[in-house]
Engineer: 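Handing you this structure, nothing more for now.
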Amino acid sequence: MIILLNGPPNSGKDTIAKIIKKKIGSKDYKMSRPIKQAFGALFGLQGELLHEMIEGEFKDVAQWKDSQYTPRDVLINLSEDFMKPRFGKDIFGQSAVNFLQRLSFTHLTISDTGFNAEVPPICQWYGYHKVKAILIDRKGCKWDSRERIDVTALGIDGYILNNVHDLDMLDAQVHRVLRKWELVDDGS
């Protein structure tokens, strides 16, 4: 089973991916993996400093002299202004399939799905019946370049999760979704 997590920045996608991993032993993949690797290569960053720039506290802070761009801005521009116009809107879905087909997994979360065009290559490779989506809402979280995927148009099962409670309630909400999809049972 592949579970796509879709929500605006800071809506809880990575936290939900960790909860799913704890419950069913899933692996995690990020659609942004290729551009994050490119970002590290472009700026000569690796390890903890790279992690802080693209995942941590510095991702929304301008880092370069005479530039107002943040690492998040650079990643978005690499995606939207370079990759997609040159290689197609589905490039990150294609890239995911190229990477994932070499891995062995029973369950996988893709914790940063953000565009409809990313989804069909995954569904075509693994089968539409094996791809599900959790659509995350959280008050105060605004969409950046990403958008809500349309599970109906994509032909996959989706569940809207409103992340407004504490971590224990979020855990219970995720458990409920996994139970609905028969990935855990009531005794788990």
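Just so you know, these numbers use all the heavy atoms, side chains as well, and skip hydrogens, waters and symmetry mates.
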Engineer: Please identify each residue that fulfils ring pair (Phe, Tyr, Trp, His ring centres under 6.0 Å) with Phe105, with sequence neighbours left out.
Structural biologist: Tyr126
Engineer: Are Asp14 and Lys30 within salt-bridge range, i.e. N to O under 4.0 Å?
Structural biologist: yes
Engineer: Identify the heavy atoms of Arg86 and Asp81 that sit nearest to each other, and give their distance.
Structural biologist: NH1-O, 3.0 Å
Engineer: Can you name the salt bridge (charged side-chain N to carboxylate O under 4.0 Å, His left out) partners of Glu80, sequence neighbours left out?
Structural biologist: Lys84
Engineer: Quick one: pull up CD in Gln173 and CG in Asn163 and give me the separation to the nearest 0.5 Å.
Structural biologist: 6.5 Å
Engineer: Side-chain contact, heavy-atom cut-off 4.5 Å: Phe92 with Phe115?
Structural biologist: no
Engineer: Minimum heavy-atom separation for Ala117 and Pro121, please, with both atom names.
Structural biologist: O-CD, 3.6 Å
Engineer: Could you tell me whether Asp171 and Lys23 have a side-chain N and a carboxylate O separated by less than 4.0 Å?
Structural biologist: yes
Engineer: If the condition is side-chain hydrogen bond (donor to acceptor under 3.5 Å, both in side chains), which residues does Asn10 pass it with, not counting sequence neighbours?
Structural biologist: none
Engineer: Using side chain to side chain donor-acceptor pair (under 3.5 Å), reason through Asn6 and Thr113 one step at a time and then give a plain yes or no.
Structural biologist: CA-CA 5 Å; Asn6 174 243; Thr113 307; over 6 Å; no
Engineer: I'd like to know whether Ser32 forms a side chain to side chain donor-acceptor pair (under 3.5 Å) with Asp112, so could you lay out the CA-CA distance, the side-chain angles of the two residues, the decisive distance to 0.1 Å, and finally the verdict.
Structural biologist: CA-CA 7 Å; Ser32 58; Asp112 63 347; 2.7 Å; yes
Engineer: For Asn98, check side chain to side chain contact (heavy atoms under 4.5 Å, CB included) against everything at least two apart and list the hits.
Structural biologist: Gln101
Engineer: So, Glu52 and Lys59, do they make that salt bridge, N to O below 4.0 Å?
Structural biologist: no
Engineer: If you compare all heavy atoms of Pro8 against all heavy atoms of Ile136, which two are closest, and at what distance to 0.1 Å?
Structural biologist: CD-O, 3.6 Å
Engineer: Report the residues that fulfil ring pair (Phe, Tyr, Trp, His ring centres under 6.0 Å) with Phe39, sequence neighbours left out, ordered by chain and then residue number.
Structural biologist: Phe43
Engineer: How long is the span from the CD atom in Glu118 to the NZ atom in Lys89, to the nearest 0.5 Å?
Structural biologist: 12.0 Å
Engineer: Whether Arg33 engages the ring of Phe99 as a cation-pi pair (distance to the six-membered ring centre under 6.0 angstrom, angle to the ring normal within 45°) should be assessed.
Structural biologist: yes
Engineer: Linking I/L/V/M/F/W/Y whenever any side-chain heavy atoms sit under 4.5 Å apart, do Ile122 and Ile91 land together?
Structural biologist: yes
Engineer: Start with the C-alpha distance between Asp166 and Met169, add both sets of side-chain angles, then the distance that settles side-chain contact (heavy atoms from CB on, under 4.5 Å), and finish with yes or no.
Structural biologist: CA-CA 5 Å; Asp166 62 18; Met169 181 57 88; 3.4 Å; yes
Engineer: Are Ile2 and Lys132 side-chain neighbours, meaning at least one heavy-atom pair lies under 4.5 Å?
Structural biologist: no
Engineer: Work out which heavy atom in Ala133 is nearest to a heavy atom in Ile156; give both atom names and the distance.
Structural biologist: CB-CD1, 4.0 Å
Engineer: Using every non-hydrogen atom in the two residues, find where Thr109 and Ser26 come nearest and quote the distance to one decimal.
Structural biologist: CG2-OG, 3.8 Å
Engineer: If you define the side chain from C-beta out and look only at heavy atoms, does anything of Arg138 sit under 4.5 Å from Val164?
Structural biologist: no
Engineer: Start with the C-alpha distance between Ile160 and Asp137, add both sets of side-chain angles, then the distance that settles side-chain contact (heavy atoms from CB on, under 4.5 Å), and finish with yes or no.
Structural biologist: CA-CA 7 Å; Ile160 297 174; Asp137 289 326; 3.5 Å; yes
Engineer: Got Leu135 and Leu5 here, is their nearest side-chain heavy-atom distance under 4.5 Å?
Structural biologist: no
Engineer: List the residues meeting salt bridge (charged side-chain N to carboxylate O under 4.0 Å, His left out) with Arg72, not counting sequence neighbours, and say none if there are none.
Structural biologist: Asp60, Asp144
Engineer: How many angstroms lie between NZ in Lys18 and CG in Leu167, if you round to the nearest 0.5 Å?
Structural biologist: 10.0 Å
Engineer: Please name the pair of heavy atoms, one in Ser111 and one in Asp28, separated by the smallest distance, quoted to 0.1 Å.
Structural biologist: OG-OD2, 3.1 Å
